[in-house]
There are 2 protein chains.
Amino acid sequence: MTDLKERIIQSSLELFEKHGYHGVSINQIVEHCGASKGGFYHYFHSKDELLYVIHDTFITYVLEKANQAKQTYNNPTEKLQAIIESFVKVFDLYKPHISVFYQESTYLKPDYEELIKKKRDQFKQNIFEVLQEGQDKGEFRSILPVEITGMAVLGMVNWTYKWYRKNGEKDIEEISHVFVDLILHSVLTGETLQQDRYTDFFLQTKMNS
Amino acid sequence: MTDLKERIIQSSLELFEKHGYHGVSINQIVEHCGASKGGFYHYFHSKDELLYVIHDTFITYVLEKANQAKQTYNNPTEKLQAIIESFVKVFDLYKPHISVFYQESTYLKPDYEELIKKKRDQFKQNIFEVLQEGQDKGEFRSILPVEITGMAVLGMVNWTYKWYRKNGEKDIEEISHVFVDLILHSVLTGETLQQDRYTDFFLQTKMNS
DNA sequence: TAGCACCGACCAACCAGTCGGTATCTACAA
DNA sequence: TTGTAGATACCGACTGGTTGGTCGGTGCTA
């Protein structure tokens with residue numbers, strides 16, 4: 001039905017990821033997927049709308065995953081772990097979306113940008129909340145400023161889009177486990193760490209096996 | 001002497017940071033700094049060269065700083081700390097360069113890209129080496145895969161360009177100290193941490209005061 | 001026969017880069 | 001000190017190529 005629409009998105013993702021939004025013309029996109037300009041404008045009002053659709057697909061998915069994680073677990077450590085794990089694993093599914101998302105966000109037209117920004121902020125807030133909760137419950141070190149720590153976590157994970165290659169030498173499970181390990185080591189209090197109630201974060205488990 | 005050249009770079013940085021490389025035309029740049037197209041092409045062969053110059057200025061500076069840090073200290077913990085601190089502080093000086101650097105690198109023409117890539121890789125290797133040395137000397141946890149950990153560190157710091165605002169509510173010293181604290185907590189072995197030979201990384205000190 | 005899916009020639013706008021030109025400065029000989 | 005030749009700094013009208021977007025049309029389907 002809307003087969004062509006999907007093909008256009010697929011092609012544009014492939015091309016945008018490699019050459020950037022401005023490095024690819026509509027003609028190149030439709031040529032790449034064997035369609036025509038008319039076909040393109042049948043499904044999209046503008047090139048800008050295509051960019052928006054790509055952004056929205058990804059951020060909507062990530063946000064949903066984070067909300068799920070937040071609802072599934074009760075204590076902050078597990079929540080944080082689950083959010084990070086699901087977040088990292090998204091790179092396997094949505095790598096091209098993510099690349100476009102982070103590299104081309106400057107070029108979103110104001111109306112679209114506002115829509116995306118809302119969801120982006122929600123996601124950020126999720127992480128801040130979990131960190132705050134962790135401190136309140138005494139599981140996380142309280143000297144850490146929540147915002148900076150949160151941005152550090154986001155940065156660490158987000159940056160993955162610059163170097164992660166599907167079927168590359170580092171698989172996504174390993175990356176995800178290492179990240180969780182790094183973050184929990186830096187965020188948990190000494191006591192919580194030693195109790196190791198949460199031995200299931202990667203590297204400790206691996207040691208025991 | 002080359003006053004105009006500097007003004008062009010300054011104006012383009014300002015505009016590129018806000019609207020992206022492709023969101024700004026040569027005419028807009030020269031208009032912004034009260035010059036002319038002829039003036040621009042007197043100092044630059046092409047718009048691409050301008051982009052290259054911006055990239056190169058920044059990466060050259062960062063690389064130099066990292067080498068300095070590596071030579072000044074002997075043990076890996078202090079090296080890592082110094083590299084991170086100097087790296088984070090660069091954001092204060094070169095924020096616009098960095099934004100352009102990370103957002104527009106896709107648009108560098110092949111010849112320029114190769115030149116930049118070399119320096120970028122050198123910097124990355126610096127970090128990997130320090131991490132490796134730390135593990136070899138028993139200061140850092142050896143279960144951590146060096147590459148992933150290194151990319152995590154890079155990501156955490158690099159991402160700062162997306163949210164850091166000069167004269168914003170978070171000053172660069174604090175950010176730098178928190179990052180060092182997070183990274184050292186996640187990387188140091190439990191013993192090294194408890195010995196606290198390195199009490200001078202921010203937050204512990206702050207606690208004692 | 002009505003409408004949905006799609007086509008592709010065409011257009012107007014824009015933009016990187018060119019080029020012929022002017023103005024100022026430097027060097028040096030008369 | 002003056003004259004002048006050559007270089008350097010800078011200007012801005014113009015151009016050729018490209019691109020996002022339009023629109024009249026075609027064929028298939030219900």
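Side chains are part of it too, since the values below use all heavy atoms of this structure and drop only hydrogens, waters and symmetry mates. Naming: A, B, ... by sequence-line order, numbering from 1 per chain.
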Requested in this report: In whole angstrom, give the distance that lies between atom CZ of B:Phe44 and atom P of C:dC15.
Outcome: 19 Å

Query raised in the report: Do B:Lys5's NZ or CZ and the ring of B:Phe44 fall within the cation-pi criteria of under 6.0 Å and 45°?
Result: yes

Report task. Could you go through the salt bridge (Lys or Arg N to Asp or Glu O under 4.0 Å) check for A:Glu14 and A:Lys18 one step at a time? Result -> CA-CA 7 Å; A:Glu14 217 171 292; A:Lys18 213 182 296 184; 5.8 Å; no

Query - Distance, rounded to the nearest Å, where A:Lys47 contributes NZ and C:dC14 contributes P - result: 16 Å

Query raised in the report: Got a donor-acceptor pair under 3.5 Å from the side chain of A:Lys37 to the base of C:dA9?
Result: no

Query raised in the report: Okay, side chain of A:Gln28, backbone of A:Ser25: is any donor-acceptor separation there less than 3.5 Å?
Result: yes

Query raised in the report: Roughly how many Å is it from NE2 in A:His45 to P in D:dT22, rounded to a whole number?
Result: 10 Å

Report task. Quickly work out the B:His22 NE2 to D:dT18 C1' distance and round it to whole Å. Result -> 13 Å

Report summary line: Of the candidates D:dC11, C:dC15, C:dT18, the side chain of B:Leu4 sits closest to D:dC11

Query raised in the report: Given A:Tyr21 and A:Asp48, is the side chain to side chain donor-acceptor pair (under 3.5 Å) satisfied, shown in steps?
Result: CA-CA 10 Å; A:Tyr21 179 68; A:Asp48 299 304; 3.3 Å; yes

Query - First encountered from the 5' end of DNA chain C, between A:Ser36 and B:Gln28 - result: A:Ser36

Report task. Report the distance from atom OH of B:Tyr43 to atom C1' of C:dG17, rounded to the nearest whole Å. Result -> 18 Å

**Report entry** Pairwise 5' ranking along DNA chain D for B:His42 and A:Asn27, keeping only the more 5' one
**Finding:** B:His42

